[in-house]
Each structure stands twice: as structure tokens, then as C-alpha cells.
Amino acid sequence: KDNDGSYYFWDIHQYQDSLDKYPSINSKSLSNYIISFPTPSGDKKEFYMYNSAVMPDELANKFPNIKTFTGTGIHNPSELVSLSIYNDEASAMIYSKEGKIFISKHSDSDLYSVSYNELGYNNEYFDCGHPAFINQNVLARSNQFDECIGEDEPCYTMGNKLITYRIAMIMTESVTNSVADGTVEGGMAWIASIINQLNLLWRRELGFEFEIISNNNILVFTNNNPAPSEFSVSNCTETADGDPKYCEINNVEPYLESVIGVGGLNAPDEIRLWEYGLVLNTTYNGGVAQAPGPISANNPTYEVLNHEL
């Protein structure tokens with residue numbers, strides 16, 4: 001145990017044989033499959049588990065070792081968990097009454113890190129490009145909520161219908177090396193995990209979820225196949241502090257349309273291939289997003305991505 005969290009032996013492998021039997025989260029079936037998750041205090045939280053695929057079949061077939069699941073609390077149904085399996089390793093995030101809990105494999109042992117802190121340091125130092133969101137833990141909130149999700153026409157009433165948005169993630173090689181194992185498959189495993197985590201909040205609170213585009217693997221770059229010059233620091237620094245996110249965000253949509261196809265805010269519904277696009281880079285201090293608009297540039301962390309989305 002240290003200041004940032006605790007390390008535990010977590011026998012996730014005892015559940016491996018039942019993973020394929022979990023009902024879909026979008027079905028009306030109730031799950032009887034239970035997984036126990038460790039917490040930083042040493043207690044355990046139990047969840048009924050569901051399959052929550054974030055990849056379409058075409059992409060899932062390319063990466064059969066990547067699986068994602070969602071659980072609802074047995075003793076407190078408002079608590080949720082995201083579980084991701086990649087080969088023999090697992091990662092999880094719990095929405096608990098105590099706060100978010102992050103569970104990840106310790107790189108040098110069979111132990112798992114269990115912490116309330118995603119990165120081991122305070123995320124308040126990230127700069128998300130607007131003074132209202134810098135070093136402020138409490139924001140003024142209004143009790144007035146829109147009746148419709150997104151646009152007024154057509155109106156999808158809040159909570160009335162689950163909407164799926166296809167998301168395209170550009171992962172530069174520095175990110176593939178830092179949050180994954182430097183391979184395309186490893187990068188896709190991290191992307192699937194983070195999308196499953198993001199869906200915990202958005203599915204429940206706003207009635208929509210993200211699904212990864214079917215060929216997102218071509219957007220994951222490695223040392224042997226580096227990201228294009230549009231996402232190179234040397235070609236994109238236009239602010240006094242040298243943070244390239246304010247420049248590179250403008251390259252996301254043109255690049256995606258050149259390699260994936262038409263998408264984004266103004267694309268006609270009948271030919272749109274993606275709804276949201278973003279780039280991940282380790283050189284950014286936080287993130288920045290179009291407002292309004294479906295494009296962002298982000299550090300590879302849950303907190304930054306969740307904020308910008």
C-alpha cells in the first residue's frame with residue numbers, strides 16, 4: 001500500500017470460463033454471473049456482469065483476444081464497473097459511491113494496482129483550453145436540462161432511446177508505446193477499454209454509447225508505422241506554450257475523411273461513416289474539443305477524454 005493506492009492479488013482468471021456466457025447489456029436478460037472487484041480500502045465490491053461489446057463484429061473478429069464487460073452493483077445498483085480483458089490481463093474502472101476506482105495490472109508482478117487516482121498524480125493540472133475548467137473542482141450547475149439529446153429535430157427524448165455513435169480514434173505511436181505494448185493489437189485493446197469506461201457514464205446519464213469504427217486498427221500507429229506528419233509536433237505548434245493540440249485538432253477531420261471516409265457534423269446521414277473523431281497524443285497538456293462539433297485532441301486518459309467528449 002502506498003499514497004496513491006494499494007496492490008492486491010486479484011484472481012480474475014477464475015472467471016475466464018464463464019465470460020462468453022454473459023448476457024448482452026442491451027438485452028432484457030438479467031445476469032446471474034458475479035465478479036468480485038478489489039477496492040483501495042481492502043474491501044470487495046460485487047457486480048452482476050454483462051457483455052458490453054464496443055467493437056462491431058468485423059473488428060471484433062480481427063481481435064478476438066480483446067473483450068469488454070459491464071457490471072451493475074449487487075448491493076448498490078447505482079454502482080457500475082467496466083472490465084476489459086486482453087489476452088491474460090485485465091483492467092477495470094468502478095463508478096462507486098466513494099468515487100472512481102481504477103484497477104490495472106502492475107507491470108512487474110502478478111499484483112494489481114487499485115487506486116482512486118487514474119495516473120498517480122492529480123489531473124487538475126491538465127489544461128483543457130478554457131479557463132473555466134482549470135483548477136476548479138466545483139462548477140456552477142443549472143437545474144435546467146434539455147428535453148432532447150443533441151439536436152431538437154429529430155428529438156430523441158432523454159432516456160427514451162439508446163443512440164450509438166461510431167467513434168474513430170487516431171492513436172500516435174507515442175501513445176501506443178506509453179499506454180499499450182507498442183503493437184496495433186495492444187493499442188486496440190486500450191481503445192476498447194477506454195470506450196467501455198466512457199460508456200458507463202454516457203449510456204446511463206444521456207442515453208447514448210460509442211462504438212469503435214470497423215477499421216479503426218488502421219488508425220493505430222507504431223514505431224514501424226508512425227503517424228502522418230499532420231500529427232507531428234515539429235509540424236504543428238501554433239501557441240506560445242508550444243502545445244500542438246490547438247493545431248492538430250484542425251487536422252483530425254480532413255485526415256479521417258481521407259483514410260476512413262465522410263463523417264463528422266455536416267456529413268449526410270446516408271453516407272456518414274463515423275460520428276466522432278479524435279486524435280490521441282502524449283505531447284498535449286490535457287485536451288481541446290470543437291464546441292459545437294464532434295472533433296477533439298486529447299491526452300490518453302479517461303478524465304481528459306471524458307471531459308472533452
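In what follows, every heavy atom counts, from backbone to side chain, and hydrogens, waters and symmetry copies are set aside.
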Q) Is Glu303 salt-bridged to Lys100, going by a charged N under 4.0 Å from an acidic O? A) yes
Using distance only, find each side-chain donor-acceptor pair of residues 213-226 under 3.5 Å and give its atom names and separation, not counting sequence neighbours.
residue	atom	partner	partner atom	Å
Asn216	OD1	Met169	N	2.8
Asn216	ND2	Met169	O	3.1
Thr222	OG1	Asn224	N	3.4
Thr222	OG1	Asn225	N	3.2
Asn223	OD1	Asn177	ND2	3.0

(Q) Any non-hydrogen side-chain atom of Leu305 less than 4.5 Å from a side-chain atom of Ile194? (A) yes
Q) Which residues pass the side-chain contact (heavy atoms from CB on, under 4.5 Å) test with Ser78, sequence neighbours left out? A) Asn76, Arg204
(Q) Let me check something: do Met93 and Phe210 share a hydrophobic cluster, defined by ILVMFWY side-chain heavy atoms less than 4.5 Å apart, either directly or through other members? (A) yes
Q) Between Glu79 and Lys45, is there a salt bridge with N-O shorter than 4.0 Å? A) yes
Q | Donor + acceptor pair across side chains of Ser52, Asn199 (<3.5 Å) | A | no
**Q.** Tyr302 and Tyr95 aromatic ring geometry - parallel, tilted or perpendicular at 30°/60° bounds
**A.** perpendicular
Q) Below 4.5 Å, heavy atoms only, C-beta onward: do Leu265 and Tyr276 meet side chain to side chain? A) no
Q) Hey, is Arg203 close enough to Glu209 for a salt bridge, meaning N to O under 4.0 Å? A) yes
Q: Examine the side chains of Ser84 and Asn196 and answer whether a donor and an acceptor come within less than 3.5 Å of each other.
A: no
Q) Does Thr183 offer a backbone N or O that forms a donor-acceptor pair with the side chain of Asp181 under 3.5 Å? A) yes
